[in-house]
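Heads up: the structure comes next, in structure tokens.
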There are 2 protein chains.
Amino acid sequence: MADIAQAAGVSVATVSKVVNGRGDVAPRTRARVQELLHQHRYLAPVFRHTEAIESPTIEVQFKGGLKSYVAEALEGIIDSAAELGASVVIGQASRAPHWARDLVSAGRRAVIAVTSVYTTAHLNELARAGLPLVVLDPLHLPDSRVNSVGATNFAGGLAATRHLLSLGHRRIAYLGGPTMAVCNQARMHGYRAAMEAEGAQVPDACVRPGEFTYETGLLGATELLGLQEPPTAIFAGNDEIALGVIETARARGLRVPEDLSVVGFDDTSLAQMASPPLTTVRQPLREMGGAALRTALRLARGEKAESHHIELATELVVRASTAPPREETSAHR
Amino acid sequence: MADIAQAAGVSVATVSKVVNGRGDVAPRTRARVQELLHQHRYLAPVFRHTEAIESPTIEVQFKGGLKSYVAEALEGIIDSAAELGASVVIGQASRAPHWARDLVSAGRRAVIAVTSVYTTAHLNELARAGLPLVVLDPLHLPDSRVNSVGATNFAGGLAATRHLLSLGHRRIAYLGGPTMAVCNQARMHGYRAAMEAEGAQVPDACVRPGEFTYETGLLGATELLGLQEPPTAIFAGNDEIALGVIETARARGLRVPEDLSVVGFDDTSLAQMASPPLTTVRQPLREMGGAALRTALRLARGEKAESHHIELATELVVRASTAPPREETSAHR
DNA sequence: CTGAAAGCGCTTACAG
DNA sequence: CTGAAAGCGCTTACAG
């Protein structure tokens with residue numbers, strides 16, 4: 001601690017305050033000291049012990065249910081952890097006063113958050129505790145303090161839409177997730193780009209935001225299929241939405257893919273088990289989980305991440321939910 | 001430490017030596033000091049921290065993928081753990097020489113195994129390490145050394161079959177999981193009991209074992225629907241099998257439920273998102289996970305479990321995949 | 001074998 | 001917002 005104080009040009013007392021997250025330190029001083037602490041891999045005395053004996057423990061947090069999407073990423077995290085000798089604790093995001101420090105005390109060395117929203121306050125608390133964070137599939141635009149792992153959503157949206165265009169569809173709708181989610185934006189812009197490149201129309205009514213849920217699929221498809229000129233194909237923002245679309249079509253007596261083509265996104269196990277099996281854009285969720293785990297481990301060791309944001313390639317998987325559109329006359333219902 | 005020194009009538013330095021196990025202390029002095037240390041619950045500084053805050057850690061192991069079934073039980077485990085201040089590590093079953101002892105050294109206090117097979121050798125290794133085990137949805141018949149949590153599978157099989165019978169079906173097939181799995185046996189016998197009570201035939205060809213997978217549904221339904229007298233309803237051993245059945249029906253141009261009724265088992269999220277939404281037997285997976293966690297915690301504290309085997313109630317959930325059979329003539333295809 | 005004394009790494013009440 | 005100073009809990013080299 002004396003070394004760090006000297007390097008930072010402050011007293012040992014001030015360094016101590018930074019370590020303990022006390023308020024009475026100037027932000028600039030705090031930042032400088034924290035940087036040095038990190039460089040020197042300083043660990044508060046209470047934590048030194050655990051460090052020595054335990055294998056690094058990574059905390060995985062997710063919000064909402066443990067959906068297929070999260071479960072499959074988690075499989076990748078667990079497999080990589082087993083391989084690399086790390087332990088994975090799975091927990092809920094806590095909002096207790098010093099949650100990040102509590103996590104460190106409980107032996108965690110990094111946090112992986114799956115599709116979570118992190119505010120500046122959270123990031124500050126993590127920084128105070130010296131606990132690195134990796135976000136899998138970030139909902140926000142990458143913040144410079146956050147390492148993240150994602151997929152090429154724009155390219156995926158492009159590929160899905162081109163596939164439908166190549167089958168002959170021109171009235172294609174996009175039924176997506178939350179407007180603010182960057183992955184959703186990228187998918188939607190991929191869709192728009194493909195449509196524009198083909199000179200296909202994108203009426204406002206054909207681009208609908210929602211949630212990444214089955215209910216959004218159910219409701220959105222009802223709206224879309226009720227339009228005067230209903231789409232002949234729907235590109236859903238994820239597989240769950242796509243399943244809702246398929247069910248709405250079935251309930252209306254429309255067959256997929258004969259009467260309506262549907263494309264999903266993610267390629268969770270849901271897609272293979274859908275009826276009909278779903279054409280979708282595969283996200284390599286296990287690999288993404290593995291990448292997140294490896295990044296978390298690097299950061300836990302005090303190394304820099306190789307890259308601030310890693311993006312893995314998506315891939316179109318054609319199954320049975322897409323086909324050429326019916327003739328124009330029969331497409332009008 | 002000063003207190004203890006005074007109580008023992010020695011100097012702080014001597015107490016420190018005892019704590020650190022150094023050699024240069026008279027045996028009698030050492031004994032006296034150690035006694036006092038114990039009385040005062042003295043903990044060396046390095047251990048103080050972890051000991052104080054570290055919550056009991058439970059290891060959850062599962063085999064194969066993190067399917068919906070496991071994911072939903074895991075949600076229950078995590079929620080209860082958060083509530084009770086325990087941590088959940090999720091790992092893979094290891095078969096290293098002293099795996100159970102390694103788990104104990106890594107801080108685990110109990111193991112929850114989801115749908116896993118445990119051999120006598122495993123139980124011995126666990127017993128040697130003093131690590132209690134709770135099995136969720138045991139595949140074996142309950143062993144007296146194993147605590148387990150399950151559901152009323154027989155009653156569920158009975159309810160599912162009675163539902164189909166009450167709709168007017170008489171040719172009902174059971175397409176289940178592995179023959180040796182006790183949960184599968186119980187479901188199947190529930191089915192048989194309901195059929196017999198109604199005086200309905202159960203031809204051998206109408207009871208098929210398999211795996212708890214989509215593929216079993218696909219293949220089994222192909223066989224069943226190819227029979228001379230195909231069933232008008234299929235009771236599937238779990239939701240995944242049911243989805244395979246629905247897809248096989250769709251691919252053959254049969255509509256569910258008009259041409260074929262399908263019932264699943266589990267009521268995972270798959271069931272709600274199926275097309276049509278699946279009539280199924282609900283297992284309270286979250287509650288089962290919670291029960292397993294609480295049992296594991298009791299055992300970790302050295303208490304006896306309240307009961308050797310806990311069984312939670314199943315419940316029929318009627319959705320859109322079941323309907324009365326078509327007239328006999330049209331049922332022949 | 002024991003303990004007085006020096007010292008280490010850290011924290012904190014308080015003066016500026 | 002900062003740091004000098006006092007202090008805490010502990011360890012250790014060394015004199016006895």
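Labels below follow one simple rule: chain letters A, B, ... track the order of the sequence lines, proteins then strands, and each chain is numbered from 1. Heavy atoms only: backbone and side chains are in, while hydrogens, waters and symmetry mates are out.
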Query raised in the report: Under a 4.5 Å cut-off applied to non-hydrogen side-chain atoms, are B:Leu103 and B:Gln61 in contact?
Result: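 They are in contact (side-chain heavy atoms under 4.5 Å apart), so the answer is yes.
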
Quick check on [N]: is either OP1 or OP2 less than 4.0 Å from any side-chain nitrogen or oxygen of [X]?
X	N	answer
B:Thr29	C:dT2	yes
A:Tyr42	C:dC10	yes
B:Thr14	C:dG3	yes
A:Ser11	D:dT2	no

Which whole-number value in Å describes the distance from [X] [atom1] to [N] [atom2]?
X	N	atom1	atom2	answer
B:Arg22	C:dT2	CZ	P	14 Å
B:Asp3	D:dC8	CG	P	13 Å
B:Ile4	D:dT11	CD1	P	12 Å
A:Asp24	C:dA13	CG	C1'	11 Å
B:Met1	C:dC8	CE	C1'	14 Å
A:His40	C:dC10	NE2	P	13 Å

Query raised in the report: Salt bridge check: are B:Arg128 and B:Glu125 linked by an N-O gap of less than 4.0 Å?
Result: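 Salt bridge between B:Arg128 and B:Glu125, a charged N being under 4.0 Å from a carboxylate O: yes.
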
Requested in this report: Flag the pair B:Glu83 and B:Arg294 as a salt bridge only when some basic side-chain nitrogen lies within less than 4.0 angstrom of an acidic carboxylate oxygen.
Outcome: no

**Report entry** A:Asn184 side chain to A:Pro178 backbone, donor-acceptor under 3.5 Å
**Finding:** yes

Query - C1' spacing across the pair D:dG7 / D:dG3, given as an integer number of angstrom - result: 16 Å

Query raised in the report: Can you tell me the Watson-Crick or wobble partner of D:dA4, both distances under 3.5 angstrom?
Result: none

Query raised in the report: According to the Watson-Crick and G-U wobble definitions, with both distances under 3.5 Å, which nucleotide is paired to C:dA13?
Result: none

Query raised in the report: Which nucleotide, C:dT11, C:dT12, C:dG3, lies nearest any side-chain atom of B:Lys17?
Result: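 Nearest listed nucleotide: C:dG3.
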
Report task. Side chain of A:Pro27 only, please: which of C:dT11, C:dA5, D:dC1 is the nearest? Result -> D:dC1

Query raised in the report: Do other residues, nucleotides or ligands put more than 12 heavy atoms under 6.0 Å from A:Gln6 CD?
Result: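 Incorrect, the count does not exceed 12.
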
Query raised in the report: Base, sugar-phosphate, or nothing for A:Val10, non-hydrogen atoms under 4.0 angstrom?
Result: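 Sugar-phosphate: the residue A:Val10, judged by heavy atoms under 4.0 Å, touches backbone atoms but no base.
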
Query raised in the report: Reckon B:Ala26 touches a base, only the sugar-phosphate, or nothing at all at heavy-atom distances under 4.0 Å?
Result: sugar-phosphate

